[in-house]
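Reminder, nothing fancy here: chain letters follow the sequence lines and each chain counts from 1. Below, all heavy atoms of this structure are taken into account, side chains as well, without hydrogens, waters or symmetry copies.
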Amino acid sequence: MEYNHKEIESRWQRYWKENRTYHTEINPDKPKFYVLDMFPYPSGAGLHVGHPLGYIASDIYSRYKRQCGFNVLHPMGYDAYGLPAEQYAIQTGQHPEITTRTNIERYRSQLDKIGFCYDWDREIRTCDPNYYKWTQWAFIKMFGHYYDTARDRAMPVSDLVAHFETNGTRGLTAACSEEMDFTADEWRAMDEKAKSDTLMNYRIAYLGNTMVNWCPELGTVLANDEVSEGVSIRGGYPVEQKLMYQWCLRVSAYAERLLKGLDTLDWTESLKETQRNWIGKSEGAEMIFPIAGSDVKLQIFTTRADTVFGVTFMVLAPESEYVDMVATPDRRQAVSEYIDSIRHKTERERMIDKTVSGVFTGAYAVNPLTGKEIPVWVSDYVLAGYGTGAIMAVPAHDSRDYAFARHFDLPVVPLIEGADVSEQSFDAKSGKMINSCGGGLDLNGMEVKDAIAAAKRFIEEKGIGKVKVNYRLRDAIFSRQRYWGEPFPVYYKNGIPHMMDISELPLLLPEVDKYLPTETGEPPLGRAKNWTNAEGYPIELCTMPGFAGSSAYYLRYMDPANSEALVSKEADEYWRNVDLYIGGTEHATGHLIYSRFWNKFLYDLDVVCEPEPFRKLINQGMIQGRSNFVYRIKDTNTFVSYNLRKDYDVTPIHVDVNIVSNDILDLDAFRAWRPDYADAEFILEDGKYVCGYAVEKMSKSMFNVVNPDDIVDRYGADTLRLYEMFLGPLEQSKPWDTNGIDGVNRFLKKLWGLFYKGDTLLVNDSEPSAESLKSLHKLIKKVTADIEAFSYNTSVAAFMICVNELGSQKCASRQVLSELVTVLAPFAPHIAEELWHVLGHENTVCDAPWPSYNEEYLKESSVKYPVSFNGKVRFNIEVAADTPKEEVEKLALGHETAAKWIEGKTVRKVIVVPGKIVNVVVG
RNA sequence: GCUCGAAUGGUGGAAUGGUAGACACGAAGGACUUAAAAUCCUUUGGCCAUUGCGGCCAUGCGGGUUCGAGUCCCGCUUCGAGCACCA
């Protein structure tokens, strides 16, 4: 019998499906293990070979853990809301739901062919009302809670109201958009609207006037992580800043917990670092600089309180509200002209244009320590959104302040001994302070680090300012002016937003005639008929962003059909959180922050029992495309082979990688590829046309997309799985290169050859030989360690070695082959299942217990020690494996070659590494 | 600019501080074939010696620690990733 992958794979895939082999239930008798893939957005292009990389890795781990006796939860679903389906709907009028469903079916059929062990009974889709009911539910809960900074957790807004009723804002510890100050009487005197507005300042889900990233091309707002370098990540359209009234999530309230939580996670250091950067904690101080001759007190944020004696000017952000408060009448004109010039620039232009610009406000601030008056300027290098939107400028020790000072000829006062500030600023936080004495504070002679602490302490004591921690992490903007997303369960009564009752959920996405904004510029939901609640009040027109549905999906898999709760207490307490999460690094600052935030909120509500959702996280690398080129001689239809191209004037042309094999072009397929090439001529080398290649992103336009279906069809799913793992370390990006796939396929054929010679079954029940046991146990040891370390490429190599060894040993032992198949099962489940049954086993290989290895079998009978003198290898000695160290030493020194080395020298030291090496130091 | 990571044959890549280059691809030679495919065997880092068994040089560059460094430390170079007028 020949190895027939098609027959084997379809048969076992059917078997697994019919027997519900991968169905998972809560089982308190078994330890749980939760392995999760980042669920895909089902795009119209289908899967390419890069997508399954992480899925294969997680599948191997899931199968391994299952064989180790764990109850493994390994689900899959679809992140079904997204822009491409909506864009397609706008162009074609087709409902995004239809497109999405078609794409999901395509994805499913592609995934099924690879033989994953997903429990498809738990499939979820974010656009399914039974799913997004719980997205809406969480939103209502966020609206109903505020963040108590003293208790460090979310608390019901009713508690906040009770506090206002008795104390006003006195003694309030709540995260807010802006500090408020009112008494209980003032609170009680507020009308409904004022109360609603006040509470918005504290709610975790709130409506707020915020600067948003507005993308005119997409007609919607985008979150910070959806924008990069001033353009949208999806589509690459320009993004501008706009003040809009939007739903937001107070993620910033969780900044400290999100930062601290990182220390408890088994994630890569670089990913944690990315999140730390994004959260951007900086500890400093807020200081007050009064404006001379005015009541205005300028509040600034600085991390370098120690440099207060070097402040030679102040700078306000153009958008800062201080600008209007301080600008003197004679400077107003100039100031507003400057601000207008800034406003006309987009965020992108402001970022690219690094020329120094600014304007003097005419006002002077008083240095609270020296009493000196210093000018207040406006410049766009100060950001309105960070700190207080105002800074004290210390040109000697900040490069941006320095550039500004030089441009406008403002004084530079050095504060650190030996710092040369004639050419550039001295930004380093080290050195001894000078010129820093006054107002009762003397920092002279201190190290910068100590000076910062001393200055902070001083200003806090004197009431000049207070110690303050700032975070770069912004609240998440949660409204999208789009159709294809979760509708907000919000209606407006007299302009005041109200949440729907949870019993009214899910609020279904309504039908619309077109997926475009209305003529009056309202979002697409403005087109929906009767878009009101039962009492006739209008419902919110925006929908939720993409990350809404993906923030808690891992919880829903635990209990996907529950109509009473997002997840039952029982399911949550059993499955707890994700033990292993595999996905791309592109979600480092988006999904992985929002999910952690969402989980922490639900943790505060006692809905989930774990403070972190993803215990261990692996980022699989990207699979890049490997494009092939043909070289056409200019103005002809003649193509010249790669190594001969230098002799001609040629144009490289991308050629479909699917008609190229090992960089050799299939000439007939090329002629048939496109009509223009039907009569193409070739200049060959050695009778072949060799193509050039380049590593590029996998995309249709480069003709380098490789569809996993084609690989499965030709070589089988097991070969695809093994090959993707063999390609290199999981976490590394690498180009897809089919050149080595034959080697993996050859391995499977050799494995098959251990079982069958022609139609004869070779397997017997003879006693396994010592050497076959050694080969096997070496394999078990290696593969077990490799799976735990996610070093799958080396385990595939170990299989190849083992099969080669067993082949040359003519091993046919049922016992040895059974264990071989058992450990192969996670990697190549189809052939493993087939051979498992060939070996006469009745159950499925998925439940075959993972074998342990026996050190006894691994012992060498003799060990070869390379003996080296002063690090140079000179000769080998061979001794019995259990020879004691001292004996080895004696034998080494007694060797005749050793005698020559030792002659006339002293043996200083002899180092024996057991089983490995003898090192002799002579001198 | 700051932070993190990487650099090993023709290629992808192996190496708890202990004989660098596992395994695979590719290449060369051979066997079986009328022939091809498939399969199997041998060689394959470089240089020298190849009727001998061997020798020398090699893990981006320069130092250091060590009996011994691809691996640890210091300083560079290059590439990749993240953040970036964040005060």
Side-chain angles (χ1 to χ4, degrees), chain A residues 2 228-229 268-282 284 300-305 307 315 317 350-351 353-354 356 379-383 385-394 397-401 403-404 427 470-474 585-586 588-589 619 621-622 626 662-663 693 722-723 726-729 731-744 746-747 749-750 753 782 785 791 793-802 804 807 864-874 876 908-923:
Chain A
E2 289 292 304
S228 179
E229 293 179 1
T268 60
E269 210 36 55
S270 76
L271 183 59
K272 287 192 202 179
E273 201 56 37
T274 301
Q275 290 219 339
R276 286 193 193 107
N277 270 337
W278 190 259
I279 295 166
K281 181 179 184 172
S282 77
I300 60 95
F301 175 76
T302 180
T303 53
R304 291 293 300 274
T307 59
V315 190
R350 264 172 81 166
M351 239 152 44
D353 182 13
K354 304 244 169 171
V356 177
S379 173
D380 65 347
Y381 84 87
V382 173
L383 303 178
Y386 185 77
T388 60
I391 62 154
M392 62 179 209
V394 187
H397 302 292
D398 183 289
S399 50
R400 296 152 299 178
D401 296 345
F404 194 83
D427 290 17
N470 252 319
Y471 299 92
R472 206 180 64 86
L473 184 69
R474 296 276 85 97
T585 165
E586 66 273 19
T589 51
N619 286 125
M622 275 235 292
R626 189 177 183 282
N662 290 348
D663 288 339
Y693 73 90
L722 286 167
Y723 186 59
F726 189 60
L727 221 43
E731 293 171 83
Q732 195 171 299
S733 284
K734 55 232 156 187
W736 177 260
D737 179 353
T738 329
N739 286 351
I741 200 164
D742 289 318
V744 170
R746 222 167 273 158
F747 154 73
K749 286 179 186 160
K750 281 184 196 168
K782 176 79 178 141
S791 176
N793 53 334
T794 51
S795 7
V796 176
F799 280 114
M800 291 176 176
I801 295 168
C802 183
N804 277 340
K864 215 161 136 195
Y865 281 86
V867 183
S868 68
F869 285 82
N870 290 352
K872 302 236 168 200
V873 179
R874 289 296 149 181
N876 295 317
R908 293 241 170 99
K909 211 193 295 181
V910 181
I911 300 151
V912 179
V913 180
K916 286 202 172 147
I917 197 162
V918 182
N919 226 304
V920 185
V921 188
V922 292

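Residues satisfying the side chain to side chain donor-acceptor pair (under 3.5 Å) test with A/Arg400, not counting sequence neighbours, are A/Asp398. For A/Glu269, the side-chain contact (heavy atoms from CB on, under 4.5 Å) test picks out A/Lys272, A/Glu273, A/Arg276, with sequence neighbours left out. Taking A/Asn619 as the reference, nothing meets the side chain to side chain donor-acceptor pair (under 3.5 Å) condition, with sequence neighbours excluded. Applying the ring-ring contact (aromatic ring centres under 6.0 Å, His included) test to A/Tyr723 and every residue at least two apart in sequence or in another chain returns A/Trp736. Remark: A/Asn277 engages no residue in a side-chain contact (heavy atoms from CB on, under 4.5 Å) (not counting sequence neighbours). A/Lys750 pairs by the side chain to side chain donor-acceptor pair (under 3.5 Å) definition with A/Asn804, not counting sequence neighbours. Partners of A/Ser399 according to the side chain to side chain donor-acceptor pair (under 3.5 Å) rule, which considers only residues two or more places apart in sequence or in another chain, are A/Asp427.
B/rA15: no Watson-Crick or G-U partner with both key distances under 3.5 Å is found in any strand.
The listed nucleotides are B/rC83, B/rA22, B/rA24; the one nearest the side chain of A/Ala797 is B/rA22. Considering only side-chain atoms of A/Thr794, the nucleotide from B/rC23, B/rC67, B/rA15 that sits closest is B/rA15.
Of the P atoms belonging to B/rG21 and B/rU16, the separation is 13 Å, rounded to the nearest Å. Nucleotides B/rG26 and B/rA37 have their P atoms positioned 13 Å apart, rounded to a whole Å. Here the separation of B/rG70 from B/rA81, taken at their C1' atoms, is 23 Å to the nearest Å. Comparing the C1' positions of B/rA49 and B/rU33 gives an interatomic distance of 39 Å, to the nearest angstrom. Rounded to whole Å, the C1' atom of B/rU78 lies 15 Å from the corresponding atom of B/rG62. To the nearest whole angstrom, the two C1' atoms, one in B/rA15 and one in B/rC23, are 12 Å apart. Taking the P atoms as reference points, B/rU66 lies 49 Å from B/rA28, given to the whole Å. Comparing the C1' positions of B/rG9 and B/rG45 gives a spacing of 4 Å, expressed to the nearest Å.
Within 4.0 Å of A/Ile801, counting heavy atoms only, lie sugar-phosphate atoms of the nucleic acid but no base atom.
If you take CZ on A/Phe799 and OG1 on A/Thr794, they are separated by 10.5 Å, rounding to the nearest 0.5 Å. In this structure, CG on A/Leu727 lies 12.0 Å from CG on A/Leu722, to the nearest 0.5 angstrom.
As a whole-Å value, the separation of A/Asn876 CG from B/rG54 P is 10 Å.
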Tabulate protein N/O versus nucleotide N/O from nucleotides 7-13 of chain B, keeping only pairs under 3.5 Å, one per line.
| residue | atom | partner | partner atom | Å |
| --- | --- | --- | --- | --- |
| B/rG12 | O2' | A/Leu727 | O | 2.7 |
| B/rG13 | OP1 | A/Gln732 | NE2 | 2.5 |
| B/rG13 | O3' | A/Asn793 | ND2 | 3.3 |

Would you tabulate the pairs of protein nitrogen or oxygen atoms and nucleotide nitrogen or oxygen atoms of nucleotides 38-44 of chain B closer than 3.5 angstrom?
none

